[in-house]
2 protein chains.
Amino acid sequence: MSISSRFAVGVHILALLEVNKGEQNSSEFIAASVNTNPALIRKIIGMLKKAELVKVRPGIAGAQPAKDLSEITLHDVYKAVQVVQEKELFSIHENPNPDCTVGKNIQDTIGPMFSAAEQAMEKALGNVTIADVVDDILKKEAAQ
Amino acid sequence: MSISSRFAVGVHILALLEVNKGEQNSSEFIAASVNTNPALIRKIIGMLKKAELVKVRPGIAGAQPAKDLSEITLHDVYKAVQVVQEKELFSIHENPNPDCTVGKNIQDTIGPMFSAAEQAMEKALGNVTIADVVDDILKKEAAQ
DNA sequence: AACACTTGTAACTAAAATTATTACATGTAA
DNA sequence: TTACATGTAATAATTTTAGTTACAAGTGTT
């Protein structure tokens, strides 16, 4: 199965804050760009806020990035929106037979192997920043 | 969310074929080791068969690896059991607003970035073989 | 102070996917 | 033919995601 689009939406939100930085980026405005519900946007922004990636205040319309976008990586967003719990990208079947050599040891054996693959993926996400995303969006826009 | 345990079960099955190679590895026997249903095991073995990783024949009990286990990587199993469609590890929200600069371009921008991370993960899986898994299981077993 | 507007959250619904289970047709061999 | 195994479809149960509604709480203007 796929990783929740909450991650993609989180990236969308941060990119939008930059591209549309002159305006008031209310949850309703952002929801219109993402094409979803304002409540969902507020929920995701709340997660980004907890991870100290954006600044928002109750009652005041709009959100702002909490730091320079070249210092926020896709990995930061990925962690912030908690689409996957730590070391749980791959699920491993529970309760294999403890009376079987394979059943007894399989979890401890493949756990670290799966984690290594997960970390490789996360490392790749760490190589891209929101600034890169914004640059690419603007480049594509200019080419039209 | 997590990637289906079908992947972990696929690895379990292949490891079991080696560790228990003297015996008849019927779907019922394997199911007892994995602790699940024989029908599920047959379904997964069917996928491994289609990927030419195991040999099975209708009516005849037991399955065998189709090649040397040092030549079957976790990546092969991952692809065989189709837990994730090609380039779809990360889902991207559909129908963003085409009248918005970000909405119009976000999919094309983050798609390749997400794919790169996905490929990094798959590459890591390609570095480990079922033979490595079996070695580790036997090492852990001997240490007890 | 009243009003309009916004964020923060909880609760609920709907839709989708995974896993488990049942059933049975098909194939093999004694 | 009998016993047993695989192949596969259909269904149910569980879990998760995404979408929606509702409303309390915060802010600023008039």
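So you know, we letter chains A, B, ... as the sequences are listed, proteins then strands, and number each from 1. In what follows, every heavy atom counts, from backbone to side chain, and hydrogens, waters and symmetry copies are set aside.
For A/Ala39, counting side-chain heavy atoms from C-beta on, the closest listed nucleotide (D/dT21, C/dT7, D/dT6) is D/dT21. When the nucleotides D/dT17, D/dG26, D/dT21 are ranked by their closest atom to the side chain of A/Pro58, D/dG26 comes out on top. Closest to the side chain of A/Ser4, from the set D/dT6, C/dT21, D/dT17, is D/dT17. Of all nucleotides listed (D/dT6, C/dT9, D/dG28), D/dT6 comes nearest to the side chain of B/Ser27. Ranking D/dT21, C/dT28, D/dT6 by closeness to the A/Asn37 side chain, first place goes to D/dT21.
In this structure, NE2 of A/His93 is placed 19 Å from P of D/dT15, rounded to the nearest angstrom. Remark: P of C/dG8 and CD1 of A/Ile45 are 8 Å apart, rounded to the nearest angstrom. Taking atom NZ of residue B/Lys43 and atom P of nucleotide D/dA5, one finds them 22 Å apart after rounding to whole Å. Distance A/Met47 CE to C/dT7 P: 18 Å, rounded to the nearest Å. Rounding to whole angstrom units, CG of residue B/Leu40 and P of D/dA9 are separated by 15 Å. Taking atom CD1 on A/Ile13 and atom C1' on C/dT7, their separation rounds to 14 Å, with Å as the unit. Whole-Å rounding puts the B/Ile92 CD1 to D/dT17 P distance at 17 Å. In this entry the distance linking CZ of B/Phe7 with C1' of C/dT18 reads 17 Å, nearest Å.
A donor atom on one side chain and an acceptor atom on the other are found under 3.5 Å apart for B/Ser33 and B/His12.
Between A/Thr36 and the phosphate of D/dG19, there is a side-chain N or O to OP1/OP2 separation shorter than 4.0 Å. A close approach under 4.0 Å does not occur between any side-chain nitrogen or oxygen of A/Ser26 and OP1 or OP2 of C/dT7.
Heavy-atom contacts from other residues, nucleotides or ligands closer than 6.0 Å to NZ of A/Lys55 number 12 or fewer.
Between A/Arg6 and A/Arg42, it is A/Arg6 whose nearest contact on DNA chain D lies nearer the 5' terminus. Residue-to-nucleotide proximity on DNA chain D shows that, of B/Ser91 and B/Glu28, the 5′-proximal contact is made by B/Glu28.
A distance of 7.0 Å separates CG of A/Leu69 from CD1 of A/Ile130, quoted to the nearest 0.5 Å. In this structure, CG in B/Leu89 is found 4.5 Å from CE in B/Met121, a value given to the nearest 0.5 Å.
Using a 4.0 Å heavy-atom distance criterion, B/Lys49 is classed as a sugar-phosphate-only contact.
Among the candidates B/Val11, B/Val133, B/Ile44, B/Val9, the single residue satisfying the side-chain contact (heavy atoms from CB on, under 4.5 Å) test with B/Val77 is B/Val11.
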